[in-house]
2 protein chains.
Amino acid sequence: MTVTIRQIAEKAGVSRGTVDRVLNGRPGVKPQIRERIMAIAHELNYVPNMAAKALALNKNPVKFGVVMPPKEIAFFGEVRSGITAAAEELKDFGIAVEYRYVDNRRPEEGAAAIGQLIGEGVSGILVSLMDDELIRARINDAAAQGIPVVTFNSDVGESKRVCFVGQDLYRSGQIAAGLMRRMLRGKARVLVLASSMSFQAHRSRVNGFRDVLSGTEMEIVQLIQSYDRYADTHSQVSDALARHTDLDGIYMATGDVAGCLDAVMRAGLGGKLRMVCNDLLPEVEQWLRQGLIDFTIMQNPLRQGYTSLRIMYDLIFSGKRPESEYLYTETSIIIPECLERNP
Amino acid sequence: MTVTIRQIAEKAGVSRGTVDRVLNGRPGVKPQIRERIMAIAHELNYVPNMAAKALALNKNPVKFGVVMPPKEIAFFGEVRSGITAAAEELKDFGIAVEYRYVDNRRPEEGAAAIGQLIGEGVSGILVSLMDDELIRARINDAAAQGIPVVTFNSDVGESKRVCFVGQDLYRSGQIAAGLMRRMLRGKARVLVLASSMSFQAHRSRVNGFRDVLSGTEMEIVQLIQSYDRYADTHSQVSDALARHTDLDGIYMATGDVAGCLDAVMRAGLGGKLRMVCNDLLPEVEQWLRQGLIDFTIMQNPLRQGYTSLRIMYDLIFSGKRPESEYLYTETSIIIPECLERNP
DNA sequence: CTGAAAGCGCTAACAG
DNA sequence: CTGTTAGCGCTTTCAG
């Protein structure tokens, strides 16, 4: 029924060892034989048996490296749980995972970590780091040595990574707009808050939001960039609230949610404006429950972690390349009723 | 590092074969020895190696049975995809899956299918059938013979199934109420549509909805039960619309969405009432896009299928019982912006 | 009731 | 460059 390496060997008139070499791209086989074996494998529709592979690899498991921000940051803790969940499932299947936690504000740290992992002979690397020249260079180094890299949660654009696993930011902007529309029917005026439009990643959400609203009577009265700084956010939002007294809602695409909310409260507008933000930081959960924020749009950090490791596993063990360069994890709409713990 | 069956054997002064018998509850070992081996296994913290198990089982894989409505029903097609996805991942790990598609309106068919699978010697059964006495009896038969049963998507209450994998219906009702509140602030009057309140499953959603609204100024003006019949739904909703001219929204907990929507359209109220329903049938997708329905609350059929098979696998292969009797899959809030296929 | 041995499909180390 | 061999940890005969 299922075709094995041995059958290929017999049909090709060579030994299992040789077939193994060919199938795993190891050196030291005459090109002719190599081709013949490949042809036969193809013809017979050979699919390697994972269990057997795993068992044989048991002694020196394949090592994967992970470089990410410290797991103490709540969000990344979740991501890591996803990775460990996948690792747990695959524990018996010949893999080991090596984590490196780095300060994401210091690209040289991340780059160094990647370099180290390459040195240690890992077979693949998962990377969640800022989009920086140093990082990109190391990713390309790895790729050049045949070590696949998968970026997760935040992509490193233009690099030679195999794929990116994370949120579709543009879509999350679209969804935010859809929610606003459903709350504010017809003519309405909204404020948009972003940390900075100069990064592609930050722009995407705003673009998604804008594109959906462009077909409606709703209007974006102002776009605030406050670089994630509380004081900056607070003062800019306060100004905007004073200027646009007829405001109906605020979309916090990125940036400091606390600064924005405090400004709204101080202006005595708590609960009067429709507010949509992203992710589920503890403060946000509070505000959601209090009705100060209406919706938050969430990434699924757990699945981001889980998926990235599985992708890497499938890539290394079955040579299965991901279906697309961008693997978007679901983004979900959250209201407090989603969070209740029911009996 | 990792402890093997052989180490246990050595420590106990018996052969690997005996240890295997004990660890897998096979008969034919003296109670004393059995206990001693168990003790040592415990002490050494033995965890079986899945890959090895799988490989050894390769010749006669463990068979799982699945009894469910025909996969031609869109929803169940999705569920099945989840099951096959899990089966695919586990293909090399010593399992095979046998499907039986039955007409869910005829419990005797389902019961017969379960009986057959038991006869064929499956090691576990996944069941998605109506909550009926015949089904319950067969599930209990299986359980009595030591064959674990997992129900998915729709539970069979009071049966000896190991656990249920599916949606938290009460919560989906809560979420619906939460969405209504966000669209209709303050005083508002809503209609609730259900197919029948005499089944626990159908009641749950309505209860969740009602419980959330009970703390607010919103009011349920009427609860319609129309038993999933189009004509019935259409006429009852039409009547209700005529009677309650100040209606603000409709929650379709279960029941015939088409009948309800047609009545609303005919009354000239298309787009004027806030509407929330469940699941994503093709018609619903249409109406969502047209703005006739505001939100739909979705189960994740794919994950329901995937999870049930994994649960069964873990149960059989590692003896790991699920954490709870109820394994709820995420329920997500859908607006058309969630469905756009972006470039 | 228990032990010994063969084998699941693949890899790796050592010979040739 | 290629073949041979000895496992990986567990299950499953077949003897005893």
Side-chain angles (χ1 to χ4, degrees), chain A residues 1-37 41 44-63 90-96 121 123 316-319, chain B residues 1-37 41 44-62 90-96 123 316-319:
Chain A
M1 195 64 237
T2 76
V3 18
T4 74
I5 204 177
R6 151 175 250 138
Q7 294 174 38
I8 299 181
E10 278 167 12
K11 189 146 184 181
V14 298
S15 76
R16 278 107 70 39
T18 313
V19 176
D20 178 65
R21 271 159 231 159
V22 173
L23 259 24
N24 293 286
R26 280 186 264 278
V29 179
K30 252 198 299 201
Q32 306 170 21
I33 303 212
R34 185 173 288 273
E35 272 186 35
R36 187 144 57 91
I37 292 181
L44 261 42
N45 219 310
Y46 170 78
V47 182
N49 180 310
M50 288 305 157
K53 220 164 179 155
L55 196 51
L57 252 45
N58 209 319
K59 267 303 159 61
N60 24 1
V62 167
K63 231 177 21 181
L90 299 172
K91 169 175 56 79
D92 288 343
F93 301 121
I95 74 154
S123 308
I316 300 286
F317 281 73
S318 334
Chain B
M1 195 60 236
T2 79
V3 18
T4 75
I5 204 178
R6 150 175 250 136
Q7 294 174 38
I8 300 182
E10 277 168 11
K11 190 149 185 180
V14 298
S15 77
R16 279 107 73 37
T18 313
V19 176
D20 179 65
R21 271 158 231 160
V22 173
L23 259 25
N24 293 287
R26 280 186 264 279
V29 179
K30 258 199 295 204
Q32 307 171 18
I33 302 210
R34 186 174 289 274
E35 273 185 34
R36 186 146 56 91
I37 292 180
L44 260 44
N45 219 310
Y46 170 76
V47 181
N49 180 309
M50 289 304 158
K53 223 167 178 149
L55 195 52
L57 251 46
N58 208 319
K59 266 302 155 66
N60 25 0
V62 167
L90 299 172
K91 172 175 53 80
D92 288 343
F93 302 124
I95 75 154
S123 308
I316 301 284
F317 281 73
S318 335

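These numbers come from the heavy atoms of this one structure, side chains and all, not from hydrogens, waters or symmetry mates. Lettering follows sequence order; numbering is per chain, from 1.
The side chain of B/L55 has C/dC8 as its nearest neighbour among C/dG3, D/dC10, C/dC8. The side chain of B/V29 sits closest to C/dT2 out of C/dT2, D/dT4, C/dG9. Of the candidate nucleotides C/dG9, D/dG9, C/dG3, C/dG3 has the atom nearest to the side chain of B/V14. The side chain of A/P48 lies closest to C/dC10, out of D/dG3, D/dC8, C/dC10. For A/N49, taking side-chain heavy atoms from C-beta onward, the closest of the listed nucleotides D/dG3, C/dG9, D/dG9 is C/dG9. Listed candidates were C/dA13, D/dT12, C/dC10. Nearest to the side chain of B/N60 is D/dT12. When distances are taken from the side chain of B/A52 to each of D/dG9, D/dT12, C/dG9, the shortest belongs to D/dG9. For B/R21, taking side-chain heavy atoms from C-beta onward, the closest of the listed nucleotides C/dC10, C/dA4, D/dG9 is C/dA4. Out of D/dC1, C/dG9, C/dT2, the shortest distance to the side chain of A/K30 is found at D/dC1. For A/R16, counting side-chain heavy atoms from C-beta on, the closest listed nucleotide (C/dC10, D/dT12, C/dG3) is C/dC10.
The NZ-P distance, from B/K53 to C/dG9, rounds to 19 Å in whole Å. Nucleotide D/dC10 holds its P atom 15 Å from the CZ atom of B/F93, rounded to whole Å. Rounded to an integer number of Å, the gap from CD1 of B/I5 to P of C/dT2 is 15 Å. Following rounding to the nearest Å, B/L23 (CG) and D/dG9 (P) show an atom-to-atom distance of 15 Å. Atom CD1 in A/I8 sits roughly 8 Å away from atom P in C/dC10 (whole-Å rounding). One can place CD1 of A/I37 at 12 Å from C1' of D/dC1, the figure rounded to the nearest angstrom. Taking atom CG of residue B/N24 and atom P of nucleotide D/dC10, one finds them 10 Å apart after rounding to whole Å. In this structure, the CD1 atom of A/I33 is 11 Å from the C1' atom of D/dG3, given to the nearest Å.
Two residues are said to be in side-chain contact when any heavy atoms from C-beta on lie closer than 4.5 Å; B/L90 and B/F317 fail this criterion. Between B/K53 and B/N24, the closest side-chain pair of non-hydrogen atoms falls below 4.5 Å. Using a 4.5 Å heavy-atom threshold, the side chains of A/N49 and A/T2 count as separate.
Residues B/L57 and A/G17 each lie close to DNA chain C; by heavy-atom proximity, the contact nearer the 5' end of the strand is made by B/L57.
If you check every strand for non-hydrogen atoms under 4.0 Å, A/Y46 touches sugar and phosphate atoms only. If you check every strand for non-hydrogen atoms under 4.0 Å, B/D92 touches nothing. At a threshold of 4.0 angstrom between heavy atoms, the contacts of B/R34 with the nucleic acid are absent.
For the pair A/T18 and D/dG3, the criterion of a side-chain N or O lying under 4.0 Å from OP1 or OP2 is met. For C/dG9, neither phosphate oxygen OP1 nor OP2 lies less than 4.0 angstrom from any side-chain nitrogen or oxygen of A/T4.
Within a 6.0 Å sphere centred on CZ of B/R26, heavy atoms belonging to other residues, nucleotides or ligands number more than 12. For NZ of B/K11, the number of neighbouring non-hydrogen atoms (other residues, nucleotides, ligands) closer than 6.0 Å is 12 at most.
A/R36 contributes a side-chain N or O that, together with a main-chain N or O of A/A12, makes up a donor-acceptor pair within less than 3.5 Å.
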